[in-house]
Amino acid sequence: MNFYALDAVTVAQQLLGKEIVRRWDNGSVSRYVISETEAYFGEDDKACHASKGKTLRTEIMYSEGGYVYVYLIYGMYWMLNVVTGEKNHPEAVLIRGINDIVGSGKVGRELKLDKSFYGESLISSSRIWIENSLDSHPIKYVSAPRVGVDYAGEKWRNKPWRFILQR
DNA sequence: TGCACGATCTCG
DNA sequence: GAGATCGTGCAT
């Protein structure tokens, strides 16, 4: 089955400890352990970009899980998200931290993301995908409110949908 | 056609 | 504490 078709909160938790694999243009490969994630869940979630409906920018989130959703923030940082959930239910998981690099803007910069990654399939891409970590330690994490979503209103801004790997 | 703003970071 | 920097959505 498609792991990414699970709901965003579950995927956000399960991604912790897995590895993002990035193959560069010169053929070399880097691996990064996912250390912090955030879940965005559907049009009802006022903090989710899809809360404004389906647009050119958000339409990838309406696909079945397994695609990359990237967008530019503050004119300079590419944010990396993993589309999750069933087709026509827009959900995504924001990758906030990899290894000891914490901060979604820094993640995008480290991975050298750009607009061309929009819609990339994590199942079949040859330059970015996710693998289970070889070391199978039990994963421990803590939850916290999401960052930068004060505008989303009482109900949504307090959701503990930010997940931080504990080591 | 224009404008305000954002799931941010760095520097001073 | 402010500046960098630009695509997007919504108002004009």
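By convention in this document, chain letters (A, B, ...) are assigned in the order of the sequence lines, proteins followed by strands, and residues within each chain are numbered from 1. Only this structure's heavy atoms are used, side chains among them; waters, hydrogens and symmetry mates stay out.
The CG atom of A:D150 sits 15 Å away from the P atom of B:dC5 (whole-angstrom rounding). Between A:R157 atom CZ and B:dG6 atom C1' there is a gap of 17 Å when expressed in whole angstrom units. Going from atom CG of A:N158 over to atom C1' of B:dA7 covers 16 Å, rounded to whole Å. Atom C1' of nucleotide B:dT8 and atom CZ of A:R162 are separated by 13 Å, given to the nearest angstrom. Between the CD1 atom of A:I95 and the C1' atom of B:dT8 there is a distance of 17 Å, given to the nearest Å. Per the geometry, NE2 belonging to A:H49 stands 12 Å off C1' belonging to B:dT8, to the nearest Å.
Between A:E59 and A:K54 there is no salt bridge, since no side-chain N of the basic residue sits under 4.0 Å from a carboxylate O of the acidic one. In this structure, A:R96 pairs ionically with A:E38, as a charged nitrogen and a carboxylate oxygen lie closer than 4.0 Å.
Remark: A:R109 is not positioned above the aromatic ring of A:Y77, lacking an NZ or CZ atom under 6.0 angstrom from the ring centre and at most 45 degrees off the axis. A cation-pi arrangement is absent between A:R57 and A:Y118, since the terminal nitrogen or guanidinium carbon is not both under 6.0 Å from the aromatic centre and inside a 45° cone about the axis.
Side-chain contact check for A:Y141 versus A:Q13: some heavy-atom pair is nearer than 4.5 Å.
Aromatic ring centres of A:Y67 and A:Y69: separated by at least 6.0 Å.
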* Nucleotide-resolved protein contact map, nucleotides 1-12 of chain C, B/S/- at heavy-atom distance under 4.0 Å -> ---BBBSSSS--
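Taking Ile, Leu, Val, Met, Phe, Trp and Tyr as hydrophobic and joining them when side-chain heavy atoms fall under 4.5 Å apart, one finds A:W129 in a cluster with A:V21, A:V29.
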* Canonical and wobble pairing (Watson-Crick, G-U, under 3.5 Å) of DNA chain C, dot-bracket with | -> ||||.||||||.
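For B:dT8, one of the phosphate oxygens OP1 or OP2 lies less than 4.0 angstrom from a side-chain nitrogen or oxygen of A:R96.
Hydrophobic clustering keeps A:I164 apart from A:L16 (ILVMFWY residues linked when any side-chain heavy atoms are closer than 4.5 Å, directly or through intermediates).
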